Student: 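Before I ask anything, here is the structure I am working with.
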Amino acid sequence: MERKVTYTLVVNGPLHVIENVPARVNLATGEQLFAPATVEHLQRLIWESKNPTRIMQAPVYEYA
């Protein structure tokens with residue numbers, strides 16, 4: 001089923017969050033599949049370092 005998802009990626013330390021990404025989602029497993037053009041767009045968004053829509057803070061915990 002086609003849905004809009006939130007994609008997260010850690011690049012050299014900072015967490016990057018991209019909202020409303022089109023993906024096929026397997027309803028039984030939750031697995032997200034992205035079209036090749038979508039993956040290319042995600043890479044451009046992160047590597048071109050454009051100004052984000054907004055900045056958010058997130059707590060980080062160590063699993064110990």
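Being a predicted model, the structure only gives us computed values, none of them experimental. Quick note: residue numbers are just sequence positions, from 1.
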Student: Test: salt bridge (Lys or Arg N to Asp or Glu O under 4.0 Å). Region: residues 12-35. Which pairs qualify, not counting sequence neighbours?
Tutor: E19-R54
Student: Using side-chain heavy atoms (C-beta onward) and a distance below 4.5 Å, is Y7 in contact with L42?
Tutor: yes
Student: Check for me, please, whether L15 and M56 land in the same ILVMFWY cluster - side-chain distances under 4.5 Å, paths through other members count.
Tutor: yes
Student: List the atom of K4, the atom of N20, and the distance in Å for their closest heavy-atom pair.
Tutor: CD-O, 3.6 Å
Student: Using the rule that two of Ile, Leu, Val, Met, Phe, Trp, Tyr join whenever any of their side-chain heavy atoms come within less than 4.5 Å, decide whether I46 and V39 are in one cluster.
Tutor: yes
Student: Can you name the nearest heavy-atom pair linking P22 to E2, along with the distance?
Tutor: CB-OE2, 3.5 Å
Student: Hey, does H16 have a side-chain heavy atom less than 4.5 Å from the side chain of T8?
Tutor: no
Student: Do R3 and L27 make a side-chain contact, defined as non-hydrogen atoms from C-beta onward lying under 4.5 Å apart?
Tutor: yes
Student: Measure the OG1-CG distance between T53 and L45 for me, rounded to the nearest 0.5 Å.
Tutor: 9.0 Å
Student: Going only through I, L, V, M, F, W and Y residues with side-chain contacts under 4.5 Å, is there a path from V17 to V10?
Tutor: yes
Student: Should M1 and V25 count as side-chain neighbours, where that means a heavy-atom distance under 4.5 Å?
Tutor: no
Student: Within the structure provided, determine whether I18 and L9 are in side-chain contact (heavy-atom separation under 4.5 Å).
Tutor: no
Student: Could you please spell out the steps behind the side-chain contact (heavy atoms from CB on, under 4.5 Å) verdict for V21 and T6?
Tutor: CA-CA 6 Å; V21 179; T6 299; over 6 Å; no
